[in-house]
Each structure stands twice: as C-alpha cells, then as structure tokens.
Amino acid sequence: GQNIDQPTEMTATEGAIVQINCTYQTSGFNGLFWYQQHAGEAPTFLSYNVLDGLEEKGRFSSFLSRSKGYSYLLLKELQMKDSASYLCALTGGGNKLTFGTGTQLKVEL
Amino acid sequence: DTGVSQNPRHKITKRGQNVTFRCDPISEHNRLYWYRQTLGQGPEFLTYFQNEAQLEKSRLLSDRFSAERPKGSFSTLEIQRTEQGDSAMYLCASQDWTSYEQYFGPGTRLTVT
C-alpha cells in the first residue's frame with residue numbers, strides 16, 4: 001500500500017513564500033503530482049515529478065527526492081487567490097492517483 | 001473542448017434509493033477514472049476504464065456500486081440502496097494515454113438523508 005502525509009493546515013502572508021511538504025511510504029510509484037483544489041471545485045493540475053530534482057513553473061515549483069520519500073511544493077509571491085487545498089498524489093499502475101489528505105493553505109494580508 | 005463534465009452537480013436522495021451519475025470526458029481521452037472525496041480528505045480511487053474496458057476496481061467499490069462506459073465515451077456510476085456513508089463528492093477524471101495528466105470534472109455532490 002501507499003501512505004502519504006501532509007500538514008493539515010498552513011497560514012502565510014500575501015507576497016511571501018510558502019513550502020508545503022509531502023512525505024510518503026510506498027513500494028513503488030511512477031511519479032508524484034501536486035494538485036490545487038479550491039473549496040467546492042475540482043482539483044487542477046499544478047506539477048508532476050518523475051525524476052529527483054526541482055521542476056519550476058512560474059510561481060510554483062515542486063521538488064522530489066525518491067531516496068528520502070519526500071516532496072515539496074513551493075509557492076512564491078503568494079496571492080489571496082492561492083488560498084486553497086494542495087494535494088500531493090502518487091501515480092502507479094494504470095496511472096490511478098493515490099492522494100494525501102491535502103494541506104489547507106490560508107493566505108492572509 | 002469544454003473539458004470534463006459531470007451531471008448532476010448535486011443530488012439529494014433518501015437512504016435506500018438508487019442514484020446514477022454521468023461523466024462526459026474530454027473527447028478522445030481513452031482513460032476515465034472515478035474518485036470519491038469526503039470533507040477534509042483527498043480523493044480516493046474507485047475505478048477506471050480504458051476505452052470501454054473496466055480495468056480496475058478499488059475495494060472501496062462495494063457490490064452496491066457499478067460503473068459502465070458502454071461505447072468508450074461517457075461513463076455512468078450507479079449506487080444502489082444508498083446509505084448515509086455514501087454521501088460524498090464523486091469526481092470523474094479523463095486522461096489521454098500518451099499523457100500523464102488527469103483532467104478532473106466539477107464533481108457530483110451526493111447527500112443521502
């Protein structure tokens with residue numbers, strides 16, 4: 001099976017940088033996703049890591065270390081609209097996704 | 001393309017009734033996934049199709065649940081004899097087999113009273 005852990009809640013200030021961590025235990029996986037989900041809406045894709053290292057996409061970056069069972073999502077220049085739940089997910093056979101419980105990020109003025 | 005659509009968006013039903021949800025994936029996406037999400041949790045995998053073939057079902061999918069994708073296009077998820085524990089958001093996602101990204105629909109929120 002797969003076990004994925006994320007902090008439940010985080011609070012950050014508009015304009016700041018925040019790092020959301022994700023640790024996992026698994027026997028194997030193809031890649032690691034980060035999704036953003038606003039309340040009452042569908043998850044939307046943010047990033048995908050297959051190899052170790054940093055993937056940068058605008059204000060969002062994601063990092064993966066397979067040997068450490070660890071990933072993080074880095075959000076820069078935070079905006080109020082970034083207040084949402086951030087979901088870490090592993091993909092395995094059939095590309096089905098196994099999600100963590102999500103981290104609820106609140107951006108304050 | 002308008003993305004993945006799901007109908008209805010909301011469904012309130014009484015315990016014991018049957019309900020059916022529909023998902024229309026992005027056209028030409030051959031993979032279609034169903035997930036269930038309860039409040040404060042991440043989505044949980046239920047089942048997936050490649051074209052019209054149902055390739056995997058989660059242990060979460062009891063005998064009361066059945067899913068179909070008859071022509072490899074839209075899919076339906078039926079829940080028979082609903083229970084209060086079935087109350088959740090049911091999400092559908094589609095994927096082109098050459099890509100890694102799954103595109104999610106807006107979901108159907110089911111409330112069983």
Side-chain angles (χ1 to χ4, degrees), chain A residues 1-10 20-26 29-51 55 57 60 62 64 71 73 84-106, chain B residues 2-7 9-10 21 23-26 29-51 53-61 67 88-111:
Chain A
Q2 297 174 324
N3 189 40
I4 301 170
D5 290 310
Q6 304 179 236
T8 305
E9 296 178 341
M10 298 183 72
I20 302 175
N21 295 327
C22 170
T23 58
Y24 59 86
Q25 295 88 41
T26 180
F29 68 103
N30 294 337
L32 187 145
F33 285 85
W34 284 95
Y35 277 82
Q36 180 192 60
Q37 187 176 28
H38 286 98
E41 298 183 10
T44 55
F45 169 81
L46 291 178
S47 69
Y48 178 56
N49 293 71
V50 175
L51 302 176
E55 294 282 342
K57 191 187 261 191
F60 296 84
S62 58
L64 174 65
S71 172
L73 179 70
S85 180
Y86 291 85
L87 299 160
C88 172
L90 300 177
T91 182
N95 286 336
K96 67 181 182 186
L97 294 170
T98 301
F99 286 89
T101 55
T103 299
Q104 189 66 43
L105 174 66
K106 183 178 179 182
Chain B
T2 56
V4 179
S5 61
Q6 292 187 244
N7 288 288
R9 296 291 308 277
H10 303 274
F21 311 141
C23 171
D24 287 89
I26 294 172
H29 276 194
N30 61 341
R31 284 190 171 172
L32 188 149
Y33 302 80
W34 285 99
Y35 295 86
R36 179 173 68 187
Q37 186 176 26
T38 54
L39 200 62
Q41 301 295 315
E44 295 174 296
F45 168 78
L46 292 178
T47 188
Y48 91 95
F49 293 84
Q50 180 157 307
N51 300 315
Q54 188 174 18
L55 296 187
E56 187 172 347
K57 295 193 321 184
S58 164
R59 285 173 293 178
L60 293 174
L61 218 63
M89 175 76 85
Y90 290 83
L91 293 164
C92 173
S94 73
Q95 178 189 32
D96 181 88
W97 73 275
T98 62
S99 169
Y100 50 77
E101 184 177 348
Q102 292 184 23
Y103 296 82
F104 282 83
T108 295
R109 180 166 296 284
L110 172 67
T111 303

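Labels below follow one simple rule: chain letters A, B, ... track the order of the sequence lines, proteins then strands, and each chain is numbered from 1. This is a predicted model, so every value here is computed, not measured.
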TODO: Could you tell me which residues satisfy side chain to side chain contact (heavy atoms under 4.5 Å, CB included) with A:Thr26, sequence neighbours excluded, listed by chain and number?
DONE: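 Once residues adjacent in sequence are excluded, the partners of A:Thr26 under the side chain to side chain contact (heavy atoms under 4.5 Å, CB included) criterion are A:Gln2, A:Tyr24, A:Phe29, A:Leu90.
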- [ ] Enter the distance from B:Glu101:CD to A:Asn95:CG here, rounded to the nearest 0.5 Å.
- [x]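 Atom-to-atom, B:Glu101:CD and A:Asn95:CG are 12.0 Å apart.
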- [ ] Could I get the full list of salt bridge (charged side-chain N to carboxylate O under 4.0 Å, His left out) partners for A:Lys106, not counting sequence neighbours?
- [x]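 A:Lys106: salt bridge (charged side-chain N to carboxylate O under 4.0 Å, His left out) contacts with A:Glu108.
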Which atoms of [X] come close to chain A, meaning under 4.5 Å heavy atom to heavy atom: side chain ones, backbone ones, both, or neither?
{"X": "B:Gln41", "result": "both"}
{"X": "B:Leu55", "result": "neither"}
{"X": "B:Gln50", "result": "neither"}

TODO: Identify which of B:Tyr100, B:Tyr48, B:Tyr33 forms the greatest number of heavy-atom pairs closer than 4.5 Å to chain A.
DONE: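 Among B:Tyr100, B:Tyr48, B:Tyr33, the one with the most close pairs to chain A is B:Tyr100.
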TODO: Among the options B:Ala93, B:Gly107, B:Pro43, pick out the one with the most heavy-atom pairs lying under 4.5 Å from chain A.
DONE: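 The option with the most such pairs is B:Pro43.
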Task: side chain to side chain contact (heavy atoms under 4.5 Å, CB included) between A:Gln37 and B:Phe104, intermediate numbers included - done: CA-CA 11 Å; A:Gln37 187 176 28; B:Phe104 282 83; over 6 Å; no
Task: Part of A:Gln104 lying under 4.5 Å from any heavy atom of chain B - done: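 Interface part for A:Gln104: neither.
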Task: Check: A:Leu97 main-chain N/O paired with B:Tyr35 side-chain donor or acceptor under 3.5 Å - done: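 Side chain of B:Tyr35 to backbone of A:Leu97: a pair is present.
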Task: Any donor-acceptor N/O pair, B:Glu44 side chain to A:Phe99 backbone, under 3.5 Å - done: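 Here the side-chain-to-backbone pair does not exist.
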TODO: Determine whether the aromatic ring centres of B:Tyr103 and A:Phe45 lie less than 6.0 Å apart.
DONE: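 Distance test on ring centres: not under 6.0 Å, no.
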- [ ] Check B:Pro106 against A:Ala42 and note the closest heavy-atom contact, atom names and distance.
- [x]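 Of all heavy-atom pairs spanning B:Pro106 and A:Ala42, the closest is CA-CB, 4.0 Å.
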Open item on the list: Ignoring hydrogens, what is the shortest heavy-atom contact between A:Pro43 and B:Leu91? Give both atom names and the distance.
Closed with: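 Reported closest heavy-atom pair: CD-CD1, 4.1 Å.
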